Colleague: 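Please see the structure below; I have some questions.
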Amino acid sequence: MHTSRPRTGPRRTSRILPRAFYARPTLEVTADLIGKVLVHRAPEGVAAGVIVETEAYIGESDPACHAAPGPTARNAPLYGAPGMAYVYLNYGMHYLVNAVTEAEGQPAAVLIRALEPLEGLDLMARRRARGGVVAEADLCRGPGNLTRALGLSLAHNRSDLTNAPLSIEDWAVPPMDLAWGPRIGISVGTDRLWRCWAAGHRSVSRRRQGFVSPA
DNA sequence: CGTTCGATGCACT
DNA sequence: GTGCATCGAACGT
């Protein structure tokens, strides 16, 4: 005999990553987020993409981490519960989104640097358009670009990633080979190889940097 | 291909 | 006042 299953989506209820996923060593989360899907369900529509590039920022001893100066008003989310979003404004014009990791009181997070667009490409293109047309592979290429394509802003700071409207989910994406290298765009802590990306992927930012390592 | 540089707001010293 | 976890246009090779 065979059991009957609801036709509308096996595993649908368990697609969103649970808090336990984030309550782990940050470098593990940094690697495991590659291939997961960042989803923003907004009133104007759904936009989602496969995470293909991440960076770890770990603790007050990491000079590039926003927690390096100790607790401040801005970095408070880093000290909070794992699975929350840490969003901040960079260079006065770009929002960057992180997933908070480790345990509460232990400041660490994973920066999401690039996505492969999956759903809501028209919506992404509209949000990104500033005069010209943006190529599909470039829609969510770079941490400032992806937040713009998904419509994320400071309003999403401290948002719970284990709930709508902003979540990270397991959509059973085919496995990808991982590569590691130095983090990008920082002037300190460049000795740590805490940037992780899907090797050879077209949506990864600054593809010339870094090197491939066995998965 | 490569590198340089200006935009632009705010947290922190 | 200083310095950004960036981006894209402009310019050099």
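Below, chains carry the letters A, B, ... as their sequence lines are ordered, and counting in each starts from 1. Owing to the predicted nature of the structure, the values given are computational and were not obtained by experimental measurement.
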Colleague: What's the verdict on salt bridge (charged side-chain N to carboxylate O under 4.0 Å, His left out) for D32(A) and R24(A), showing C-alpha distance, side-chain angles and the deciding distance?
Modeller: CA-CA 11 Å; D32(A) 291 347; R24(A) 294 185 295 148; 2.9 Å; yes

Colleague: Can you check whether L152(A) reaches Y95(A) side chain to side chain, under 4.5 Å on heavy atoms?
Modeller: no

Colleague: With a 4.5 Å limit on heavy-atom distance, are the side chains of I34(A) and L178(A) in contact?
Modeller: yes

Colleague: Just grab all the salt bridge (charged side-chain N to carboxylate O under 4.0 Å, His left out) pairs involving residues 34-43 of chain A, residues at least two apart or on different chains.
Modeller: R41(A)-E169(A)

Colleague: In the structure I gave you, are the side-chain heavy atoms of V37(A) and V173(A) within less than 4.5 Å of one another anywhere?
Modeller: yes

Colleague: Using side-chain heavy atoms (C-beta onward) and a distance below 4.5 Å, is E136(A) in contact with R202(A)?
Modeller: yes

Colleague: Near DNA chain C, counting only heavy atoms under 4.0 Å, which residues of residues 98-128 of chain A show up?
Modeller: N98(A), L111(A), R113(A), R128(A)

Colleague: Could you give the distance from CD1 (I112(A)) to CG (L96(A)), rounded to the nearest 0.5 Å?
Modeller: 10.5 Å

Colleague: A76(A) and R158(A): which non-hydrogen atoms are nearest, and at how many Å?
Modeller: CB-NH2, 3.5 Å

Colleague: Show me, range against range, the stems involving DNA chain C, built from at least 3 consecutive Watson-Crick or G-U pairs below 3.5 Å.
Modeller: B:1-7 with C:6-12, B:9-12 with C:1-4

Colleague: Scan residues 50-59 of chain A for pairs that pass salt bridge (charged side-chain N to carboxylate O under 4.0 Å, His left out), counting only residues two or more places apart or in two chains.
Modeller: E53(A)-R113(A), E53(A)-R195(A), E55(A)-R113(A)

Colleague: How far, in whole Å, is dG8(C) from dC10(B) if one measures between their C1' atoms?
Modeller: 22 Å

Colleague: Any side-chain heavy atom of Y57(A) within less than 4.5 Å of one from I186(A)?
Modeller: yes

Colleague: Under 4.0 Å from any heavy atom of chain A: name the first and the last nucleotide of DNA chain C that qualifies, 5' to 3'.
Modeller: dC4(C) to dG8(C)

Colleague: Measuring from L150(A):CG to L123(A):CG, what's the distance to the nearest 0.5 Å?
Modeller: 8.5 Å

Colleague: Which pairs, with at least one residue in residues 16-47 of chain A and sequence neighbours excluded, count as a ring-ring contact (aromatic ring centres under 6.0 Å, His included)?
Modeller: H40(A)-H156(A)

Colleague: Measuring from atom SG of C65(A) to atom CG of N98(A), what distance do you get when rounded to the nearest 0.5 angstrom?
Modeller: 8.5 Å

Colleague: Going by the rule side chain to side chain contact (heavy atoms under 4.5 Å, CB included), which residues pair with E102(A) if we only count those two or more places apart in sequence or in a different chain?
Modeller: T26(A), I58(A), Q106(A), A108(A)

Colleague: Of the residues in residues 142-159 of chain A, which ones touch DNA chain C at a heavy-atom distance under 4.0 Å?
Modeller: G142(A), P143(A), G144(A), N145(A)

Colleague: Among residues two or more places apart or on two chains, list those pairs meeting salt bridge (charged side-chain N to carboxylate O under 4.0 Å, His left out) that have a residue in residues 118-135 of chain A.
Modeller: E44(A)-R127(A)

Colleague: Quick one: pull up OG in S167(A) and CG in L38(A) and give me the separation to the nearest 0.5 Å.
Modeller: 7.5 Å

Colleague: Between the protein and nucleotides 3-5 of chain B, which nitrogen or oxygen pairs are less than 3.5 angstrom apart?
Modeller:
none

Colleague: Listed by chain and number, what are the ring pair (Phe, Tyr, Trp, His ring centres under 6.0 Å) partners of Y88(A), not counting sequence neighbours?
Modeller: H66(A), Y86(A)

Colleague: Below 3.5 Å is the cut-off: list the nitrogen or oxygen pairs between protein and nucleotides 9-13 of chain B, distance only.
Modeller:
unit_1, atom_1, unit_2, atom_2, d
dG9(B), O4', G92(A), O, 3.2
dG9(B), N3, G92(A), N, 3.4
dC12(B), OP1, T72(A), OG1, 2.2

